[in-house]
Amino acid sequence: MIYNKTHKTIIMKYVPTFESFIGSQKLNEAKVKLGRMDVNNVDKHPEKWEAVLDILKGSIGKTISGADLKKVIGNQQFGQQDADNKAMKAAKVEITDVRIATSTFGAQWSIDYKYDTEFFGNNAGLKFKDIPGLDYEFATNDISIAPTPKGSKTLARVADMFRLGDIII
């Protein structure tokens, strides 16, 4: 309530309570503490593997730019792209699936994505649909993340980029 002396009026002003403000925020409290995991035996810690997978499933259908993708997976994994920064920012990358992948090298989480812009080579920066001779609009790839210290940091960047919750390293 505010009293205005000049006009001798009382102004009622609504100020939301803390509870109503917090209640209106969409909070994602998903958390997983990785700790030590055995990449060669998923059956040893299935609850951790599945808990991370459940968090990552929240990214399916979400879209980021090529520049954001590079931030998530880092320069070493992504490599030196030939597309300029403007093209990377304009590129659309959509997450299509997440899964636990196993191979002779052990288990890892795999995030499948499709993208609409060539990042490398002579056609870098061009949309696939605009490249003569190509009959597709998207290419696909995946991000492979092992439960290693480096992989844990990548998981944390993925969770942060898509606002999925906390994956504690």
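Position 1 is the first residue of the sequence, and the numbers go up from there.
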Shared hydrophobic cluster, [X] / [Y] (ILVMFWY, side-chain heavy atoms < 4.5 Å):
{"X": "Phe105", "Y": "Ile145", "value": "no"}
{"X": "Phe162", "Y": "Leu53", "value": "yes"}
{"X": "Phe128", "Y": "Ile95", "value": "yes"}

Step through the shown structure and confirm whether more than 12 heavy atoms of other residues, nucleotides or ligands are within 6.0 Å of NZ on Lys92.
->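 Open.
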
Tell me, do [X] and [Y] make a side-chain contact under 4.5 Å, heavy atoms counted?
{"X": "Lys127", "Y": "Thr117", "value": "yes"}
{"X": "Asp68", "Y": "Val93", "value": "no"}
{"X": "Leu164", "Y": "Lys62", "value": "yes"}

Of the non-hydrogen atoms in Val52 and Leu155, which two are nearest, and what is the gap between them?
->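 In terms of heavy atoms, the two residues are closest at CG1-CD2, 4.0 Å.
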
How far does [atom1] of [X] sit from [atom2] of [Y], to the nearest 0.5 angstrom?
{"X": "Lys70", "Y": "Phe119", "atom1": "NZ", "atom2": "CZ", "value": "10.5 Å"}
{"X": "Asp97", "Y": "Ile60", "atom1": "CG", "atom2": "CD1", "value": "5.0 Å"}
{"X": "Asp160", "Y": "Lys71", "atom1": "CG", "atom2": "NZ", "value": "10.5 Å"}
{"X": "Ser59", "Y": "Lys57", "atom1": "OG", "atom2": "NZ", "value": "11.0 Å"}
{"X": "Met88", "Y": "Leu69", "atom1": "CE", "atom2": "CG", "value": "6.5 Å"}
{"X": "Thr154", "Y": "Gln108", "atom1": "OG1", "atom2": "CD", "value": "11.5 Å"}

Within the distance-only criterion (no hydrogens, no angle test), does the side chain of Ser110 pair as donor or acceptor with the backbone N or O of Arg99 below 3.5 angstrom?
->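 No, the answer is negative, given that no donor and acceptor are paired below the 3.5 Å cut-off.
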
Check Val98, Val158, Ile143, Ile100 against Trp109 for a side-chain contact (heavy atoms from CB on, under 4.5 Å) and give me the one that passes.
->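 Only match with Trp109 under side-chain contact (heavy atoms from CB on, under 4.5 Å): Ile100.
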
Yes or no on side chain to side chain contact (heavy atoms under 4.5 Å, CB included) for Ile111 and Leu56, after CA distance, side-chain angles and deciding distance?
-> CA-CA 8 Å; Ile111 303 171; Leu56 294 176; 4.2 Å; yes

Test side chain to side chain donor-acceptor pair (under 3.5 Å) applied to Asn123 - qualifying residues, sequence neighbours left out |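 Counting only residues at least two positions away or on another chain, Asn123 forms no side chain to side chain donor-acceptor pair (under 3.5 Å).
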
Which residues pass the side-chain contact (heavy atoms from CB on, under 4.5 Å) test with Asn141, sequence neighbours left out?
->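 For Asn141, the residues satisfying side-chain contact (heavy atoms from CB on, under 4.5 Å) (neighbours in sequence not counted) are Tyr113, Tyr115.
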
Pairs flagged by side chain to side chain donor-acceptor pair (under 3.5 Å) wherever residues 128-139 is involved - sequence neighbours left out =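 Output for this query is empty, none listed.
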
